[in-house]
Amino acid sequence: MRKLIITLFALALNFSVNTAPVHAQGSSSINIAGLNFYCNANNGARVPIYFTENAWRGGGAMAGIDPYRGFYIDVSPNYLYSLNQYAAAYVFLHECAHVALPFGVGLASPSQEMNADCYAIRQMRNLRLINNPYEFNAAVSAVANMPGSPAGHLPGPARIRHLAQCISF
């Protein structure tokens, strides 16, 4: 009986940490510096954005897929709003890339993360959010001091060198 109770408690804890509450509604867009951003998954569906401090598990923002929410993006408002507008847009677009690009969620590979980085910085360039090296540096400031990660993120300096190869001025 004790083992069953421990197992049920562990399952309940896992459920409460890994999924949004049943009543939670995702937003279809996020406002960053007066601009509304949204994300479409690779299947064309609009991806819900959940504002939750549980996003710390992904470093402040994370994309994923689960049977309850489908594709989703979790964002920590405290983290996102602590960044400058360029860095906040970059972080959101990086997470959007994970659901917008085929096979972009959950692989935990360097190539997946590098593709998401390039997608984000190119989207910023295409949207004319970054037009010069100063704005580029402001955008990548979000990752400048980050260590690498088991999920495949390069360490900050290597990541910035890779990002610089994704666009030109």
Side-chain angles (χ1 to χ4, degrees), residues 14 17-20 26 29-33 35 37-43 47-66 69-169:
N14 187 44
V17 169
N18 290 328
T19 62
S29 65
I30 184 172
N31 186 292
I32 300 172
L35 298 173
F37 288 80
Y38 63 90
C39 183
N40 288 334
N42 60 45
N43 64 6
V47 176
I49 304 159
Y50 295 90
F51 301 95
T52 171
E53 291 310 320
N54 286 338
W56 62 265
R57 293 179 298 138
M62 59 185 282
I65 185 169
D66 72 32
R69 297 190 276 178
F71 287 117
Y72 65 89
I73 296 174
D74 282 349
V75 176
S76 161
N78 286 331
Y79 170 71
L80 200 64
Y81 298 128
S82 73
L83 303 173
N84 69 63
Q85 64 188 15
Y86 300 101
Y90 165 77
V91 166
F92 176 77
L93 290 169
H94 172 92
E95 295 310 326
C96 178
H98 285 299
V99 295
L101 299 172
F103 308 111
V105 177
L107 297 179
S109 71
S111 64
Q112 175 195 21
E113 293 302 332
M114 290 189 294
N115 285 336
D117 280 343
C118 278
Y119 175 93
I121 209 73
R122 286 178 181 150
Q123 283 296 103
M124 290 185 75
R125 181 63 186 256
N126 292 343
L127 294 169
R128 300 196 186 286
L129 298 175
I130 56 172
N131 301 295
N132 56 56
Y134 172 80
E135 292 167 338
F136 172 84
N137 287 333
V140 300
S141 67
V143 299
N145 297 316
M146 290 188 152
S149 76
H153 295 101
L154 295 172
R159 197 167 174 183
I160 291 171
R161 284 191 299 276
H162 169 72
L163 280 159
Q165 293 174 6
C166 298
I167 61 171
S168 61
F169 297 102

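Since the structure is predicted, the reported quantities are computational estimates derived from the model, not experimental observations. Below, all heavy atoms of this structure are taken into account, side chains as well, without hydrogens, waters or symmetry copies.
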Is there side-chain contact between V99 and N40, with at least one heavy-atom pair below 4.5 Å?
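A side-chain contact is absent here, since even the closest heavy-atom pair is not under 4.5 Å.
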Are any of the side-chain heavy atoms of M114 and C118 separated by less than 4.5 Å?
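The answer is no; the side chains never approach within 4.5 Å.
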In Å, rounded to the nearest 0.5 Å, how long is the span from [atom1] of [X] to [atom2] of [Y]?
X	Y	atom1	atom2	result
R125	N131	CZ	CG	6.5 Å
M146	R159	CE	CZ	7.0 Å
I30	C39	CD1	SG	11.0 Å
I167	I121	CD1	CD1	5.0 Å

S82: partners by side chain to side chain donor-acceptor pair (under 3.5 Å), with sequence neighbours left out
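S82: no side chain to side chain donor-acceptor pair (under 3.5 Å) contacts found.
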Please step through side-chain contact (heavy atoms from CB on, under 4.5 Å) for the pair F136 and I160, ending with a clear verdict.
CA-CA 10 Å; F136 172 84; I160 291 171; 4.3 Å; yes
Using side-chain contact (heavy atoms from CB on, under 4.5 Å), reason through H98 and E113 one step at a time and then give a plain yes or no.
CA-CA 8 Å; H98 285 299; E113 293 302 332; 3.2 Å; yes
[X], [atom1]: over 12 other non-hydrogen atoms inside 6.0 angstrom:
X	atom1	result
N145	CG	no
Y38	OH	no
Y134	OH	no

Taking all non-hydrogen atoms of both residues into account, name the closest pair between Y79 and A61 and its distance.
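That would be CD2-N, 4.5 Å.
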Stepwise side-chain contact (heavy atoms from CB on, under 4.5 Å) test for L127 and L35
CA-CA 11 Å; L127 294 169; L35 298 173; over 6 Å; no
Taking atom types as modelled, find out whether N137 and Y86 have a side-chain donor-acceptor pair closer than 3.5 angstrom.
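Checked: N137/Y86 side chains show no N/O donor-acceptor pair below 3.5 Å.
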Side-chain donor-acceptor pair under 3.5 Å between H94 and D117, yes or no?
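The criterion, which ignores hydrogens and geometry beyond distance, is satisfied for D117 and H94.
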Check the pair I73, C96 against side-chain contact (heavy atoms from CB on, under 4.5 Å), reporting the backbone distance first and the verdict last.
CA-CA 7 Å; I73 296 174; C96 178; 4.3 Å; yes
Knowing that exactly one of N31, I49, L129 qualifies, which makes a side-chain contact (heavy atoms from CB on, under 4.5 Å) with F37?
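Single pass found, and it is L129.
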